[in-house]
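What you are looking at is a predicted structure, and each value in this text was computed from that prediction instead of being measured. Letters go in sequence order (proteins before strands), and every chain restarts at 1.
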Amino acid sequence: MPELPEVETYTRYFTRHALDQKIARVDVRDERILGTLRKDAFARRLKGRSFVSARRHGKHLFADAGGVWLHLHFGMTGDLAYYREEAPRFARVVFDFDNGAHLAFEDMRLFGLVDLVDDPDAFIEESGLGPDPLTLRFAGFASLLERRRGAIKSLLMAQEIIAGLGNLYVDETLYQASIHPRRPVDSLSSKETRALYDTMRRILREAITRHARGADLPGNALYHHREEGERCPRCGGTIQRAVVFGRTTYFCGRHQR
DNA sequence: AGTACCACCTGACGGC
DNA sequence: TGCCGTCAGGTGGTAC
């Protein structure tokens, strides 16, 4: 479930485990995961270097290898594993370090991406990614909503508008802010806009904190009740299922307006 | 500008 | 046990 909180967790994991070790070998096990480079060129540019830092923007992770940056996107099933013994089943790229440890990028469905970029900021700019919600001030968030129409869910899902939320955290945010996923953006009151911003950031931060302890969202989160007909733990209403912006959407038919 | 639909890829799960 | 349809939390392209 790699949305912003999960990618933040991977970034911390990368920082904790994979920095300052010389890359002895790069093993591309499935070339379909690569972006702009072929296997040999990709490996050649990283071999002999070390990762010195890692950062995140939205759902994208960047790791500085000294003059070139590793760029990871986790798609729907991407993950990282640092290990010494056995590679995970769906390892697509494995970095072998000179201390005998390995870092695997795993991705069962191959929707992820492993690539190199010269400059993450330039990449963010060129690919048209919106601001990251954790560094976005309220005024900036409010201005994203100006002169826009359509369903609030569509807007929150759009990475070129705000980068990092996916289906799960959008549903969770709207649920906890008591806003219906199809609510037209231009119908939100300033109070609702404020609630949306505060709720979104609280949920993202809370998820990151809880991931660090190996936990997921609290039991009363919509996350644990994503099934049609479930009882809403907040108001006792009934959880509904719908398709919004092409994505399966769950919401409470009673308290989300 | 906003939305619907398809495609990419692989596995899990339920029904028969 | 095996086959088939359906679904999955992402993104990009096309068409209206």
Side-chain angles (χ1 to χ4, degrees), chain A residues 1-10 28-36 56-61 71-80 88-93 104-115 117 123-124 126-130 132-133 143-176 180-188 200 203-204 206-208 210-211 215-217 221-230 239-251:
Chain A
M1 45 161 159
E3 300 180 39
L4 188 154
E6 291 72 43
V7 179
E8 177 63 27
T9 301
Y10 298 158
V28 178
R29 300 185 172 202
D30 193 322
E31 210 171 13
R32 290 174 295 176
I33 202 69
L34 294 183
T36 55
R56 179 193 61 75
H57 182 95
K59 302 175 191 171
H60 298 258
L61 187 161
H71 170 210
L72 302 180
H73 190 280
F74 297 87
M76 296 233 311
T77 52
D79 201 353
L80 292 177
R89 183 174 170 200
F90 298 107
R92 306 303 189 184
V93 176
F105 177 90
E106 39 181 328
D107 185 5
M108 179 185 83
R109 287 179 73 184
L110 288 166
F111 286 172
L113 173 72
V114 176
D115 206 355
V117 293
F123 171 83
I124 291 162
E126 287 158 19
S127 59
L129 285 175
D132 188 278
S143 71
L144 294 178
L145 275 57
E146 285 169 15
R147 288 178 300 282
R148 291 197 175 273
R149 299 175 303 112
I152 183 62
K153 171 154 181 168
S154 315
L155 182 137
L156 295 175
M157 290 284 292
Q159 302 300 298
E160 66 275 16
I161 295 176
I162 184 167
L165 300 180
N167 199 34
L168 192 136
Y169 285 96
V170 167
D171 279 5
E172 194 67 48
T173 295
L174 294 171
Y175 172 78
Q176 295 194 31
H180 193 288
R182 288 196 210 272
R183 266 288 289 286
V185 175
D186 56 5
S187 76
L188 293 174
M200 169 183 75
I203 290 169
L204 294 174
E206 190 174 15
I208 291 166
R210 294 178 68 97
H211 287 347
D216 54 24
L217 296 175
L222 175 65
Y223 176 72
H224 297 289
H225 304 272
R226 293 177 69 81
E227 193 170 340
E228 188 157 37
E230 280 261 310
I239 300 301
Q240 322 266 318
R241 177 195 155 118
V243 175
V244 179
F245 198 54
R247 310 303 302 274
T248 304
T249 301
Y250 295 94
F251 63 98

According to side chain to side chain contact (heavy atoms under 4.5 Å, CB included), who are the partners of A:H73, at least two apart in sequence or on a separate chain? A:K59, A:H60, A:L113
First and last nucleotide of DNA chain B, 5' to 3', lying under 4.0 Å from heavy atoms of chain A: B:dG2 to B:dG11
Spacing between A:E6 atom CD and C:dG10 atom C1', to the nearest angstrom: 13 Å
Measuring only between side-chain heavy atoms, which start at C-beta, is A:Y169 closer than 4.5 Å to A:L204? yes
From NE2 of A:H211 across to P of C:dG9 the rounded distance in Å is 16 Å
On the nucleotide C:dA8, are OP1 or OP2 found under 4.0 Å from the side-chain N or O atoms that A:T248 carries? yes
For DNA chain B, consecutive-pair runs of 3 or more (Watson-Crick or G-U wobble, both H-bond-type distances under 3.5 Å) give B:2-8 with C:10-16, B:10-16 with C:2-8
To the nearest angstrom, how far is A:E227 atom CD from C:dG9 atom P? 14 Å
Are the side chains of A:V28 and A:V114 in touch, meaning some heavy atoms are under 4.5 Å apart? no
Inter-nucleotide P distance (C:dT6, B:dC5), Å rounded: 16 Å
Which part of the nucleic acid, if any, lies within contact of A:R89, taking any heavy atom under 4.0 Å across all strands shown: a base, the sugar-phosphate backbone alone, or nothing? sugar-phosphate
Check whether any side-chain heavy atom of A:E227 sits under 4.5 Å from a side-chain heavy atom of A:I239, and report yes or no. no
So, do A:I33 and A:L110 sit near enough that their side-chain heavy atoms are less than 4.5 Å apart? yes
Taking C-beta and beyond as the side chain, do A:L222 and A:L174 meet within less than 4.5 Å on heavy atoms? no
Pair listing, salt bridge (charged side-chain N to carboxylate O under 4.0 Å, His left out) test, anchored in residues 160-175 of chain A, at least two apart: A:K153-A:D171, A:D171-A:R226
Minimum heavy-atom separation for A:M200 to A:P133, with atom names? CE-CB, 3.8 Å
Side-chain donor or acceptor of A:Y10 paired with backbone N/O of A:G78 under 3.5 Å: yes
May I ask you to say what A:F90 touches in the nucleic acid, namely base, sugar-phosphate or nothing, with a heavy-atom cut-off under 4.0 Å? sugar-phosphate
Keeping the roles fixed (side chain from A:D132, backbone from A:G58), state whether a donor-acceptor pair exists under 3.5 Å. yes
C:dG10 P sits how many Å from A:I33 CD1, rounded? 16 Å
Please examine the side chains of A:R247 and A:V170, heavy atoms only from C-beta on, and report whether any two atoms are closer than 4.5 Å. no
Taking C-beta and beyond as the side chain, do A:E6 and A:F74 meet within less than 4.5 Å on heavy atoms? no
Check for a donor-acceptor pair, side chain of A:R92 on one end and backbone N or O of A:D107 on the other, with a separation under 3.5 Å. yes
Using a heavy-atom cut-off of under 4.0 Å over every strand shown, decide if A:R241 touches base, sugar-phosphate, or nothing. sugar-phosphate
Please state how far atom CG in A:L204 lies from atom P in C:dG9, giving the value in whole angstrom units. 17 Å
Members of residues 107-115 of chain A that approach DNA chain B, where some heavy atom sits under 4.0 Å away: A:M108, A:R109, A:L110, A:F111
I need the OH-P distance between A:Y10 and C:dG10, as an integer number of Å. 12 Å
Tell me whether A:H57 contacts the main-chain N or O of A:L61 through its side chain, where contact means a donor paired with an acceptor under 3.5 Å. no
Contact letters for nucleotides 11-16 of chain C, in which S counts primed atoms plus P, OP1 and OP2 and B counts the base, heavy atoms under 4.0 Å: B-----
